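These notes are about the structure you will find just below.
Given the structure is predicted, the values throughout are model-derived calculations rather than measurements.
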Amino acid sequence: MTTTTTAPTKVWRAAWREIHLSWLFISADRWTTIFPATCFVTAAVVHARLSAPEAAITLASGALYFWLFVYEHTLANQLVGIEEDRVNKPFRPLVTGRSSIRGARLRLIGVRILFPLYGYGLGVLEWALMWQILSLLQHEYGWGRHWLGRNVYAGVGVIAQLAAAWEMVAPITPDAWRWIVTLTVTVTLLMSVQDLRDITGDRAVHRSTMPLVFGETRTRIFLCVGFAIGPAAIHRFLMAPAGPHWWIAVTDVLLCGLSLLLAVRVVLCRGQEQDQRSYRLVEQWYTLALAASIYTLR
């Protein structure tokens with residue numbers, strides 16, 4: 001006896017396979033995009049005092065927007081970095097065979113069409129287009145092969161990310177801009193921490209990164225100094241304006257402690273595995289900082 005699969009079931013299975021595959025592409029980047037950006041959407045929701053139903057719809061819409069936001073990045077990034085990923089990130093779908101190159105290219109075309117249309121629907125088209133232009137410069141026009149381009153891409157990407165997160169809820173306030181600018185500068189200066197873990201693969205494909213251009217030791221010292229003095233800027237521009245409350249002081253201490261831990265780690269804890277852990281701590285610092293925006297930007 002044979003069973004037949006209904007058309008709706010086939011559609012659901014195909015849709016689920018696509019969702020799962022998209023997760024395989026983006027899962028390593030969720031802590032720098034979906035989670036922290038949705039925290040900033042939440043901060044805007046709290047600031048705008050939306051009703052519970054409005055807040056739920058806005059947060060769900062925002063999470064989907066940032067899923068597409070990072071999906072476009074990871075598809076483009078992994079299509080141009082297959083050989084590097086064979087060395088640095090062999091778990092990625094194009095290396096494991098979970099996705100074909102042709103399939104990834106078709107998905108990238110689809111996302112590049114859908115993402116700005118969805119951004120237009122949310123009222124953030126300019127930021128969606130800004131992100132797409134950055135992505136094209138990074139992956140199609142060589143920015144990703146130069147250390148300065150890589151850092152500018154990450155930093156300016158913070159503007160495209162957080163400005164969209166706030167503006168899909170309400171006009172951007174001066175306080176929100178203060179957060180966006182502070183985190184943009186921080187990420188631009190310190191994002192080279194991600195290149196420490198990828199030195200072997202980057203050298204193999206002749207990519208120009210800060211550790212390969214200036215030397216690993218000099219880069220680690222630069223990052224150590226940056227993470228050591230970073231808490232002063234975070235306190236001055238993000239925490240202090242929220243007032244002398246105990247919960248602000250606790251947040252300040254947590255962010256400071258994590259930053260100082262990173263200052264020590266980038267110098268003393270070396271090797272691909274340790275550098276990967278350091279980068280994960282940076283992602284968690286970024287997410288924690290934006291989670292704090294929920295109660296500091298009320």
Side-chain angles (χ1 to χ4, degrees), residues 26 29-50 54-55 57-74 76-77 111-112 114-139 143 149-191 233-234 237-239 241-242 282-283 285-298:
I26 73 172
D29 297 286
R30 63 192 184 275
W31 288 101
T32 55
T33 50
I34 299 174
F35 296 162
T38 304
C39 284
F40 209 56
V41 175
T42 306
V45 164
V46 172
H47 177 81
R49 290 173 171 77
L50 298 188
E54 290 175 322
I57 293 171
T58 301
L59 291 175
S61 300
L64 177 57
Y65 176 87
F66 290 109
W67 189 296
L68 294 172
F69 178 100
V70 68
Y71 196 23
E72 174 167 340
H73 162 78
T74 53
N77 178 261
V111 173
R112 280 179 170 167
L114 178 60
F115 179 58
L117 290 175
Y118 187 56
Y120 175 77
L122 294 178
V124 294
L125 176 61
E126 68 274 33
W127 305 116
L129 292 177
M130 179 182 181
W131 179 240
Q132 289 196 315
I133 291 170
L134 286 169
S135 180
L136 287 170
L137 291 171
Q138 173 80 354
H139 302 113
W143 274 29
R150 290 165 64 82
N151 283 37
V152 169
Y153 172 69
V156 179
V158 170
I159 299 176
Q161 179 190 96
L162 299 184
W166 193 278
E167 202 164 75
M168 66 178 63
V169 181
I172 305 176
T173 65
D175 284 339
W177 271 121
R178 175 167 41 80
W179 272 72
I180 294 169
V181 171
T182 300
L183 291 174
T184 295
V185 173
T186 301
V187 169
T188 301
L189 292 176
L190 300 179
M191 203 58 187
I234 298 304
F237 295 109
L238 301 189
M239 298 296 114
V282 172
E283 293 179 320
W285 179 94
Y286 184 64
T287 302
L288 176 60
L290 284 164
S293 71
I294 297 170
Y295 51 85
T296 57
L297 288 174
R298 297 173 61 177

Problem - Test log, rule side-chain contact (heavy atoms from CB on, under 4.5 Å), inputs T186 and W285 - result: CA-CA 12 Å; T186 301; W285 179 94; 4.2 Å; yes
Using 0.5 Å steps for rounding, measure from the [atom1] atom of [X] to the [atom2] atom of [Y].
| X | Y | atom1 | atom2 | answer |
| --- | --- | --- | --- | --- |
| L297 | T42 | CG | OG1 | 12.0 Å |
| Q161 | M130 | CD | CE | 11.5 Å |
| L68 | I26 | CG | CD1 | 9.0 Å |
| L129 | Y120 | CG | OH | 12.0 Å |
| L59 | L64 | CG | CG | 12.5 Å |
| I172 | I180 | CD1 | CD1 | 5.0 Å |

Handout entry: Close aromatic pair by centroid cut-off 6.0 Å: F115 and H73
Key =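 No, ring centres 6.0 Å or more apart.
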Exercise for the section: Determine whether the aromatic ring centres of W166 and F40 lie less than 6.0 Å apart. Expected result: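 Aromatic pair counts; centres sit under 6.0 Å.
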Exercise for the section: Could you tell me how the ring of Y65 sits relative to the ring of F69: parallel (under 30°), tilted (30 to 60°) or perpendicular (over 60°)? Expected result: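 Answer is tilted, since the angle falls between 30° and 60°.
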Exercise for the section: Looking only at non-hydrogen atoms, find the nearest pair between D29 and T33 and report the distance. Expected result: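 Result for this residue pair: O-OG1, 2.8 Å.
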Problem - Shortest non-hydrogen contact from A76 toward R112 - result: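 Minimum heavy-atom contact is CB-NH2, 3.9 Å.
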With a 4.5 Å cut-off on side-chain heavy atoms, are [Y] and [X] touching?
| X | Y | result |
| --- | --- | --- |
| L162 | L290 | yes |
| I34 | V70 | yes |
| F237 | V185 | no |
| D175 | P241 | no |

Problem - T74 side-chain N/O to Y71 backbone N/O, donor-acceptor pair under 3.5 Å - result: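 Yes, T74 side chain to Y71 backbone: donor-acceptor pair under 3.5 Å.
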Exercise for the section: Hey, could you give me each pair passing side-chain hydrogen bond (donor to acceptor under 3.5 Å, both in side chains) that has a residue in residues 122-137? Not counting sequence neighbours. Expected result: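 Listed by first then second residue: E72-Q132, W127-E167, S135-H139.
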Practice task
Report the C-alpha separation of Y153 and V156 in whole Å, then their side-chain angles, then the decisive distance to 0.1 Å, and conclude whether the side-chain contact (heavy atoms from CB on, under 4.5 Å) test is met.
Solution key: CA-CA 5 Å; Y153 172 69; V156 179; over 6 Å; no
Practice task
Applying side-chain contact (heavy atoms from CB on, under 4.5 Å), run through L134 and W143 and close with a yes or a no.
Solution key: CA-CA 9 Å; L134 286 169; W143 274 29; 4.1 Å; yes
Exercise for the section: Step through the shown structure and confirm whether more than 12 heavy atoms of other residues, nucleotides or ligands are within 6.0 Å of CZ on R178. Expected result: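 Result for CZ/R178: enclosed.
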